[in-house]
Visitor: 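A single structure is presented below for examination.
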Amino acid sequence: MTAVSLVKQSASPGDYWELLKPRVMSLVVFTGLCGMIMAPGHINPVLGFAAILSIAIGAGASGCLNMWWERDVDALMKRTHNRPLPAGKIEPDDALAFGVILSAGSVLVMTVAVNWLAAALLAFTIFFYVCIYTMILKRLTLYNIVIGGVAGALPPVIGWASVTDSAPIEAWVLFLIIFLWTPPHFWALSLNCSDDYVKAKIPMLPLVKGVKKTKEQILLYAAALFLSSLIPYFIGMATLLYLVVSIVLGIGFIGLSLGLFWRKDIGMKLFGYSIAYLFILFLTLTIDRVLCL
């Protein structure tokens, strides 16, 4: 069944929920919440909930519009051909309207309930992910993931701005960690999905520069990520607890990245580890912050 297939049945709430890319959304919400907790000061719990809800809805809207634009590509790839749009469960126009309404609603709520800076950052994140990454970069350049990582790295900055109405260097340190984490995370996956990207004609690094170059870049970014993960400790954002955890996690990341040179089949293991890495790293930062209050 192709992306232009007729809808044969009514879409269920679950189909619309899938449009929001809930797994990606959960990670975005988590890092946004960590940014809020890490920020100095306090926010009214109701307004804090409104901020997190806005981040969640904005992330979901971005995922929805991404699926709407890429429905033709998704239909060609084994990993994505069962998504609601290529599977014919939801009309493209309905998905577009759903995504636009959620995008506008998330920014509006953030503007009214929280502050202009957080709302502007959220609006930019949605715009960058949908218009710059999805519509332009992804099919145009092998640096799609590198540049596109800006959108995925902004949630903790938005969370921080929600509390302080500012975005100081500490917030951008959190941004930097996620920004450097994104390429090796996705390139590890792309090593195991090369056939899909060939069919979809998406210029992922393994296809354009080869597997060896991809492994080298993964290792390079893993090393840069390790160094960036130490910054919170050295600028006073975290204590020795975080430093120890970040070193252990970083050694694991670099070790698996090195392992790729001998075993390509651990690409998915590195992909899974990278998710756990980011979760544990930010959770430790957050716990460290709470313990120091």
Side-chain angles (χ1 to χ4, degrees), residues 13-14 16-68 94-131 133-134 149-175 177-179 237 278-279 281-283 285-293:
Y16 280 95
W17 174 248
E18 189 177 346
L19 279 181
L20 305 182
K21 294 190 174 181
R23 287 183 294 181
V24 176
M25 184 204 299
S26 64
L27 192 59
V28 167
V29 170
F30 173 69
T31 57
L33 178 61
C34 289
M36 290 181 65
I37 296 173
M38 288 292 298
H42 302 279
I43 187 172
N44 181 284
V46 175
L47 300 184
F49 175 78
I52 289 299
L53 182 63
S54 298
I55 292 173
I57 294 174
S62 299
C64 176
L65 293 173
N66 170 272
M67 285 197 191
W68 166 75
D94 292 340
L96 174 61
F98 187 52
V100 170
I101 291 171
L102 289 181
S103 296
S106 66
V107 175
L108 179 62
V109 170
M110 188 72 89
T111 302
V112 174
V114 187
N115 61 61
W116 279 97
L117 178 59
L121 287 169
L122 179 61
F124 176 77
T125 301
I126 296 170
F127 169 79
F128 195 93
Y129 183 78
V130 175
C131 299
Y133 169 68
T134 300
V150 168
L154 278 170
V157 183
I158 300 172
W160 194 294
S162 298
V163 177
T164 66
D165 197 11
S166 64
I169 186 65
E170 292 86 354
W172 293 105
V173 168
L174 302 180
F175 168 92
I177 292 172
I178 301 177
F179 181 77
M237 289 177 65
L278 193 67
F279 176 78
L281 190 76
F282 270 71
L283 180 63
L285 262 176
T286 305
I287 292 174
D288 204 26
R289 166 65 178 166
V290 171
L291 291 177
C292 291
L293 290 177

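Everything quoted here is computed from the prediction, not taken from an experiment.
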Visitor: Kindly give the heavy-atom pair with the smallest separation between Ser162 and Asn115, and that separation in Å.
Guide: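 Looking at all heavy atoms of both residues, the closest pair is O-ND2, 3.5 Å.
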Visitor: Compare all side-chain heavy atoms of Pro156 with those of Ile178 and state whether any distance is below 4.5 angstrom.
Guide: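 Of all side-chain heavy-atom pairs linking Ile178 with Pro156, at least one is under 4.5 Å.
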Visitor: Given side chains that start at C-beta, do those of Glu170 and Met38 come closer than 4.5 Å, heavy atoms only?
Guide: no
Visitor: Hey, can you tell me if Phe124 and Phe127 have their rings parallel, tilted or perpendicular (30° and 60° cut-offs)?
Guide: tilted
Visitor: Measuring from Leu154:CG to Thr125:OG1, what's the distance to the nearest 0.5 Å?
Guide: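 If we round to the nearest 0.5 Å, Leu154:CG and Thr125:OG1 are 4.0 Å apart.
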Visitor: Any side-chain to backbone donor/acceptor pair from Trp172 onto Ala167? Under 3.5 Å, distance only.
Guide: yes
Visitor: Hey, are the side chains of Met36 and Pro155 touching, using non-hydrogen atoms and a 4.5 Å cut-off?
Guide: no
Visitor: Under 4.5 Å between any side-chain heavy atoms of Met110 and Ile55, yes or no?
Guide: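 Yes, close enough: below the 4.5 Å cut-off.
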Visitor: Say you draw a straight line from CD1 of Ile158 to OG1 of Thr31; how long is it, rounded to the nearest 0.5 Å?
Guide: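 OG1 of Thr31 is found 8.5 Å from CD1 of Ile158.
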Visitor: Nearest 0.5 Å please: distance from the OG1 atom of Thr286 over to the CG atom of Leu291.
Guide: 10.5 Å
Visitor: Is there a side-chain contact (heavy atoms from CB on, under 4.5 Å) between Leu278 and Leu27 once you walk through the steps?
Guide: CA-CA 9 Å; Leu278 193 67; Leu27 192 59; 4.1 Å; yes
Visitor: To the nearest 0.5 Å, tell me how far Ile177 CD1 sits from Leu285 CG.
Guide: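 Between atom CD1 of Ile177 and atom CG of Leu285 there are 6.0 Å.
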Visitor: Within the distance-only criterion (no hydrogens, no angle test), does the side chain of Ser166 pair as donor or acceptor with the backbone N or O of Pro168 below 3.5 angstrom?
Guide: no
Visitor: Rounded to the nearest 0.5 Å, how far does CZ of Phe30 lie from CD1 of Ile52?
Guide: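 Reported value, rounded in 0.5 Å steps: 11.0 Å.
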Visitor: Where is the tightest heavy-atom contact between Pro40 and Thr164, given as atom of each residue plus distance?
Guide: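 So the minimum-distance heavy-atom pair works out to O-CG2, 3.3 Å.
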Visitor: Compare all side-chain heavy atoms of Leu102 with those of Leu20 and state whether any distance is below 4.5 angstrom.
Guide: yes
Visitor: Might you point out which heavy atoms bring Ala113 and Ala50 nearest each other, and give the distance in Å?
Guide: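 Where Ala113 meets Ala50 most closely, the heavy atoms are CB-CB, 3.9 Å.
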Visitor: Ignoring hydrogens, what is the shortest heavy-atom contact between Ala61 and Ser103? Give both atom names and the distance.
Guide: CB-OG, 3.2 Å
Visitor: Taking Thr134's backbone N and O only, do any of them form a donor-acceptor pair with Asn66's side chain (distance below 3.5 Å, no angle check)?
Guide: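 Flag not set: sc Asn66 to bb Thr134 has no pair under 3.5 Å.
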Visitor: Let me know which of Leu47, Val46, Leu53 forms a side-chain contact (heavy atoms from CB on, under 4.5 Å) with Phe49.
Guide: Leu53
Visitor: Between Val150 and Tyr133, is the side-chain contact (heavy atoms from CB on, under 4.5 Å) condition met? List the steps.
Guide: CA-CA 9 Å; Val150 168; Tyr133 169 68; over 6 Å; no
Visitor: Measuring only between side-chain heavy atoms, which start at C-beta, is Tyr129 closer than 4.5 Å to Leu65?
Guide: no
Visitor: Do Val114 and Ser54 have side-chain heavy atoms sitting under 4.5 Å apart?
Guide: no
Visitor: Working to the nearest 0.5 angstrom, can you tell me the gap between Leu122 CG and Leu117 CG?
Guide: 11.0 Å
Visitor: For Val28 and Ala59, work out which heavy atoms get closest and say how close.
Guide: CG1-CB, 3.8 Å
Visitor: side-chain contact (heavy atoms from CB on, under 4.5 Å) for Ser106 and Ile126? Distances and angles first, verdict last.
Guide: CA-CA 10 Å; Ser106 66; Ile126 296 170; 3.7 Å; yes
